[in-house]
Amino acid sequence: IAIVGMGCRFPRAENIEAAITCFQAALQVRTRTAFPEEWATTQNNLGIGYYKRLNGDTLRVGAAYRAENLEQAIICYQNALQIRTQADFPEKWAETQNNLANAYAERIKGDRAENIEAAITAFQAALQIYTRSSFAQDWAMIQNNLGETYRERINGNPTENLLTAISAYEAALQVYTRSGFPEQWAIVQNNLVIAYYSLLDENRADNFELAICC
């Protein structure tokens with residue numbers, strides 16, 4: 001995806017609006033019938049534009065506009081997945097599954113528990129392609145995101161969800177080392193702090209010590 005005009009002349013919000021307009025214009029020619037692969041790529045990129053969008057249709061910032069932008073992003077990603085199947089385009093399928101997961105994780109409309117479950121499903125789908133051996137950085141990124149989603153999970157056992165989150169964070173740290181990826185390493189360490197601090201099991205004192213170490 002190329003977001004137009006990254007110079008200082010135009011605010012970020014206007015740049016994203018311009019990108020959305022261009023993607024929509026491209027879809028007038030890049031139809032699903034005539035150019036299915038290009039249509040799917042543009043749908044995915046348009047979804048990213050909506051996901052990153054800072055404004056609503058009237059250039060006003062607010063929760064209602066954020067909610068609608070996320071709905072539009074989800075629609076675009078789902079459109080893209082009609083062509084970007086796991087069998088035909090495995091890497092692009094995984095990319096869009098990750099994008100869809102992020103949108104569901106932040107979704108405002110709908111049932112929060114169901115949105116989180118949808119995000120987990122999409123993240124886990126992406127991990128079928130983004131393996132540690134083939135796509136180490138993508139794998140680590142999704143492991144961290146999966147940890148965040150399990151930490152916020154409503155369904156299931158709270159303790160088990162937090163333990164799953166911790167396992168995902170620890171997996172991410174196998175790639176996100178302090179020497180190789182210092183910023184990402186620190187972010188995951190911070191996420192581990194929150195998870196250990198939230199873990200209310202029989203090892204409460206040990207969890208606090210682990211949180212302090214992180």
Side-chain angles (χ1 to χ4, degrees), residues 1-110 114-131 134-142 145-146 149:
I1 179 174
I3 298 294
V4 271
M6 296 307 292
C8 60
R9 181 180 176 185
F10 300 106
R12 175 68 171 166
E14 292 183 11
N15 294 336
I16 296 175
E17 292 302 309
I20 289 172
T21 299
C22 291
F23 289 138
Q24 290 171 335
L27 287 173
Q28 296 176 34
V29 175
R30 287 185 165 186
T31 64
R32 180 178 177 179
T33 303
F35 304 98
E37 187 175 350
E38 291 81 359
W39 175 83
T41 297
T42 306
Q43 288 285 352
N44 179 74
N45 291 345
L46 181 59
I48 295 172
Y50 277 119
Y51 178 78
K52 293 185 175 183
R53 196 182 195 191
L54 302 175
N55 299 324
D57 290 336
T58 56
L59 299 183
R60 289 185 293 170
V61 178
Y65 296 102
R66 177 61 176 161
E68 186 56 36
N69 289 333
L70 287 170
E71 294 303 304
Q72 291 297 320
I74 288 170
I75 291 171
C76 291
Y77 295 142
Q78 290 172 336
N79 285 342
L81 289 171
Q82 295 175 27
I83 303 299
R84 289 185 163 191
T85 63
Q86 184 176 7
D88 294 332
F89 304 98
E91 291 181 36
K92 293 179 179 179
W93 175 82
E95 174 196 356
T96 304
Q97 288 286 357
N98 178 64
N99 293 341
L100 181 62
N102 286 324
Y104 270 119
E106 295 187 27
R107 193 183 188 196
I108 297 169
K109 294 185 177 181
E114 293 179 2
N115 291 336
I116 292 175
E117 294 305 307
I120 290 172
T121 298
F123 279 135
Q124 290 173 334
L127 288 174
Q128 295 177 40
I129 305 300
Y130 286 157
T131 63
S134 299
F135 301 93
Q137 291 184 47
D138 294 312
W139 178 82
M141 173 191 67
I142 294 177
N145 292 345
L146 194 57
T149 310

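The first residue in the sequence is number 1, and the count goes up from there.
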K.L.:
If you draw the axis of the six-membered ring of Y51, does the NZ or CZ of R66 fall within 45° of it and under 6.0 Å from the ring centre?
P.N.:
yes
K.L.:
Would you give the length of the straight line joining atom CD1 of I20 to atom SG of C76, rounded to the nearest 0.5 angstrom?
P.N.:
9.0 Å
K.L.:
Would you find more than 12 non-hydrogen atoms of other residues, nucleotides or ligands less than 6.0 Å from E91 atom CD?
P.N.:
no
K.L.:
Looking only at non-hydrogen atoms, find the nearest pair between I16 and L54 and report the distance.
P.N.:
CD1-CG, 4.4 Å
K.L.:
Say whether, by atom type as modelled, one donor and one acceptor occur between the side chain of N69 and the main chain of Y65 under 3.5 angstrom.
P.N.:
yes
K.L.:
Within the 4.5 Å heavy-atom criterion, are Q43 and R84 side-chain neighbours or not?
P.N.:
no
K.L.:
Which heavy atom of A94 sits nearest a heavy atom of I129, and at what distance?
P.N.:
CB-CB, 3.7 Å
K.L.:
Show the nearest heavy-atom pair for residues N115 and K109, with the distance to one decimal.
P.N.:
ND2-O, 2.8 Å
K.L.:
Nearest 0.5 Å please: distance from the CD1 atom of I83 over to the CG atom of N44.
P.N.:
13.0 Å
K.L.:
Return the minimal non-hydrogen interatomic distance between A119 and A105, and the atom names on each side.
P.N.:
CB-N, 3.8 Å
K.L.:
Side-chain donor-acceptor pair under 3.5 Å between R53 and Q72, yes or no?
P.N.:
no
K.L.:
Quick one: pull up CD in E68 and CD in E71 and give me the separation to the nearest 0.5 Å.
P.N.:
6.5 Å
K.L.:
Going by heavy atoms in the side chains, are N98 and N145 under 4.5 Å from each other?
P.N.:
yes
K.L.:
Between atom CZ of F35 and atom CZ of R30, what is the distance when rounded to the nearest 0.5 Å?
P.N.:
9.0 Å
K.L.:
What heavy-atom pair brings A80 and T96 nearest, and what distance separates the two atoms?
P.N.:
CB-CG2, 4.1 Å
K.L.:
As a quick check of understanding, evaluate side-chain contact (heavy atoms from CB on, under 4.5 Å) for Y104 and L100, giving each step before the final call.
P.N.:
CA-CA 6 Å; Y104 270 119; L100 181 62; 3.5 Å; yes
K.L.:
Write down the atom of W39, the atom of Q82, and the distance for their closest heavy-atom approach.
P.N.:
CH2-OE1, 4.1 Å
K.L.:
Say whether, by atom type as modelled, one donor and one acceptor occur between the side chain of Y77 and the main chain of G47 under 3.5 angstrom.
P.N.:
yes
K.L.:
Any side-chain heavy-atom pair from Q97 and L127 closer than 4.5 angstrom?
P.N.:
no
K.L.:
Is the number of heavy atoms from other residues, nucleotides or ligands under 6.0 Å of E106 CD greater than 12?
P.N.:
yes
K.L.:
Out of curiosity, L81 CG to Q86 CD, how far, rounded to the nearest 0.5 Å?
P.N.:
11.0 Å
K.L.:
To the nearest 0.5 Å, what is the distance between CD1 (I48) and CG (N102)?
P.N.:
10.0 Å
